[in-house]
Amino acid sequence: MDKSKRLYFKSKRSFRRRLPPIGSGDRIDYRNMSLISRFISEQGKILSRRVNRLNLKQQRLITIAIKQARILSLLPFLNNEKQFERGESAARTAGLRIKKGDRLTLHLNQNSNTNSKAD
């Protein structure tokens, strides 16, 4: 048989079917923190449908429940560790952030302070 006329068959691979992430008894609600926390990343972001393996309706309900829980302060908008790290860096650079018009006056004030210390 000629190579161009050969039929290629896809091999039938056996695969393990995964269980759905949300069982039939699970209720998607903002109070169900054990369920909601499975669909949030370490940074506090809502995971996508592809990652969660949810259908569209379930993903919408999960998203609404997460947002309601955030508003009611049951969930943080950002992960606390991430927020703490950002707070430290903001505190370190807080003194360095100056408006454009204030640069000249700050520079003049620093020079006058150094001159008065020298006297």
### Message
A side-chain contact here means heavy atoms from C-beta on lying under 4.5 Å apart; do Gln59 and Ile46 qualify?
### Response
yes
### Query
Would you find more than 12 non-hydrogen atoms of other residues, nucleotides or ligands less than 6.0 Å from Arg60 atom CZ?
no
### Query
About how many Å separate CD1 of Ile66 and CE of Met33, when rounded to the nearest 0.5 Å?
9.0 Å
### Task
Report yes if some heavy atom in the side chain of Ile28 is under 4.5 Å from a heavy atom in the side chain of Ile64; otherwise report no.
no
### Expected output: side-chain Arg38 to main-chain Asn52 donor-acceptor under 3.5 Å
no
### Query
Hey, what do you get for CD1 (Ile62) to CD1 (Ile36), rounding to the nearest 0.5 Å?
6.0 Å
### Task
Output the rest of the hydrophobic cluster of Leu47: all Ile, Leu, Val, Met, Phe, Trp and Tyr residues reachable through side-chain heavy-atom contacts under 4.5 Å, sorted by chain and number.
Val51
### Query
Judged by atom type as modelled, is there a donor-acceptor pair below 3.5 Å linking the side chain of Asp29 to the main-chain atoms of Asn32?
no
Hey, can you pull the donor-acceptor pairs under 3.5 Å for the side chains in residues 68-78, sequence neighbours left out?
| residue | atom | partner | partner atom | Å |
| --- | --- | --- | --- | --- |
| Arg70 | NH2 | Gly44 | O | 2.4 |

### Query
side-chain contact (heavy atoms from CB on, under 4.5 Å) between Phe39 and Leu54: does it pass, once the steps are laid out?
CA-CA 10 Å; Phe39 303 106; Leu54 296 174; 3.9 Å; yes
